[in-house]
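Data block below; observations after.
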Amino acid sequence: MAIPTQPQTSEDMQAPVSVRDRVVIFDTTLRDGEQSPGASMTLDEKLEVADLLDEMGVDIIEAGFPIASEGDFEAVSAIAKRIKNATVTGLARASFKDIDRAAEALRFARRPRIHTFVSTSPLHMKYKLQKEPEEVLAMVTAQVERARKFVEDVEWSAEDGTRTEMDFLCRCVEAAIKAGATTINIPDTVGYTVPEEYEAIFRNVRERVPNADKAIFSVHCHNDLGLAVANTIAGVRGGARQIECTINGIGERAGNAALEEVVMALRTRADILPYRNKIDTTMLMRASKLVSAVTSFPVQYNKAIVGRNAFAHESGIHQDGMLKNAQTYEIMTPESVGVSKTSLVMGKHSGSHAFKEKLKELGYTLGDNALKDAFKRFKDLADRKKIVYDEDLEALVDDEIGHAGERIKVLALSVIAGTTGPQSATLTLDIDGKEATHHSTGNGPVDAIFNCIHALVPHAAVLELYQVHAVTEGTDAQAEVSVRLQEEGKSVTAKGADPDTLVASARAYIAALNKLMVKRLKTRPEAIEPNVRAVTP
Ligand code: KIV
Ligand code: ZN
């Protein structure tokens, strides 16, 4: 039997303000976030993210969609087994097969929740489900009752809730609660609503549904119009007490409401938004960096809270004000989100202790082995580059995290480039412990390198994106290359960093291939198996 975990129950809603205004944070980085095209994570990466979310104080971790693939099932089960504090949930459609699979994945969770959903808008019912409203209503009762056979904690979501007719929405919510749902989520699936409307939806449903006091209401906002965070807060003002969000706002299409933005808005404007949660905000930067590194999704420089420029002041007027009193231009301190004032300058004489401290300052905590490898690479870099900036270290560590445990590694690369073609490359890879070398020409050096990779590891994936950016200024800057590969509708993104752009390109492509292999291994092991071919140049 599941242990009810909600710090807030329907009785709490009648309780003093301090209990009534507790909002629970439901993180769906590993489910809705991972649904972003190219944002796939390996099992180890998902475990690392889940551990961090738990440590940070997230109340509910949505670990995946167990029926979606073997990989998702494995991830949800592994996360369910290890998470100590948070409730762990898995998503299920309105089918018994989905719900049973979710229950199986959550079997060993200390606090399991099944999250089941069905579409309720006229558009979705007609075209997606091809069902009449009365049939959908019957599905609501059946799906929640089925989930309640396994766990006490059941969340029901009205997919496309914000485009659902109010009367029908109320009937579905009432049926779901009657069948045993303890949380009711009204998602803005397509990012269509605006704050006033979303707030009114919650007020209306809570007023009109007779058993509404028996469940906690939840917000789930997508960012198609850039309103996800504003809508989330409006939903809370309308009476929702669970917030569904993701780190860095990753998610389907334009993404979901960003956890760090919602949490810091509630904290910074507690004067008018008196809703408490238990997130340790000093871990926000660490979480952002980890998710960015494992998904290879860059965080835009001006992103609120965790962007590189979020606390940078460059104009003279601002700098002058800041020196006189930081509050002139800072509404929250960098320290409150885990950004510490830079104190250590790194160079080739820096030792491993200073390196570790510096990484801590930047928001990274690495395991012993990863730290050792990263330190070795830092020393190499410091030998080659006059000044090692924070951005260099970030690129280096992201690269280290992104490449951990790979089956294929770049061992050596030499390239002939220039005006007199053909350009060519000789690449040596380590593939499952075996060395293999290939020489190839190409239409430019990058093409030649990628041709070598194709020869050494035959695969059908298509290169969708190849992007280079300089990590810092100067001609000795590190290059960070992003590569996105697509195969059978599934895409993965990976990054590689190195002072040599061509080495970074090879590392990025190989990292993407490794990710694709992990993905395929779960469903179709024969799809991309390294085919070791040692070719003498
Ligand atoms: O956006 C959405 O509607 C969802 C549901 C499955 C909750 O992600
Ligand atoms: Zn969603």
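Both counts, for ligands and for their atoms, begin at 1 and track the order of listing. In this text, all values refer to a predicted model and were calculated from it rather than measured experimentally. Residue numbers run from 1 in the order of the sequence given.
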Report summary line: side chain to side chain donor-acceptor pair (under 3.5 Å) with Thr28: of Gln35, His220, Glu62, Glu244, only one passes, and it is Glu62
Report task. Specify which N/O/S atom of Asp32 comes nearest to the Zn ion (ligand 2), by atom name. Result -> OD2
**Report entry** Donor-acceptor pair between Gln143 and Glu145 side chains, under 3.5 angstrom
**Finding:** no
**Report entry** Element-labelled atoms of ligand 1 that are located less than 4.0 Å from some non-hydrogen atom of Thr189
**Finding:** 1 (O), 2 (C), 3 (O)
Query raised in the report: Ring centroid separation for His459 and Tyr509, is it under 6.0 angstrom?
Result: yes
**Report entry** Contacting atoms of ligand 1, where contact means under 4.0 angstrom from a heavy atom of His222
**Finding:** 1 (O)
Query raised in the report: For atom 6 (C) of ligand 1, which of Arg253, Arg31, Glu159 has the closest heavy atom?
Result: Arg31
Requested in this report: Please indicate whether any nitrogen or oxygen in His220 is less than 3.5 Å from any nitrogen or oxygen in ligand 1.
Outcome: yes
Report task. Write the atom name of the N, O or S atom in His222 that is nearest the Zn ion (ligand 2). Result -> NE2
Query - Subset of ligand 1 atoms that lie under 4.0 Å from at least one heavy atom of Asp32 - result: 8 (O)
Query - Charged N-O contact under 4.0 Å between Asp153 and Arg148 - result: no
Query raised in the report: Would one find more than 12 heavy atoms of other residues, nucleotides or ligands at under 6.0 Å from atom CZ of Arg163?
Result: yes
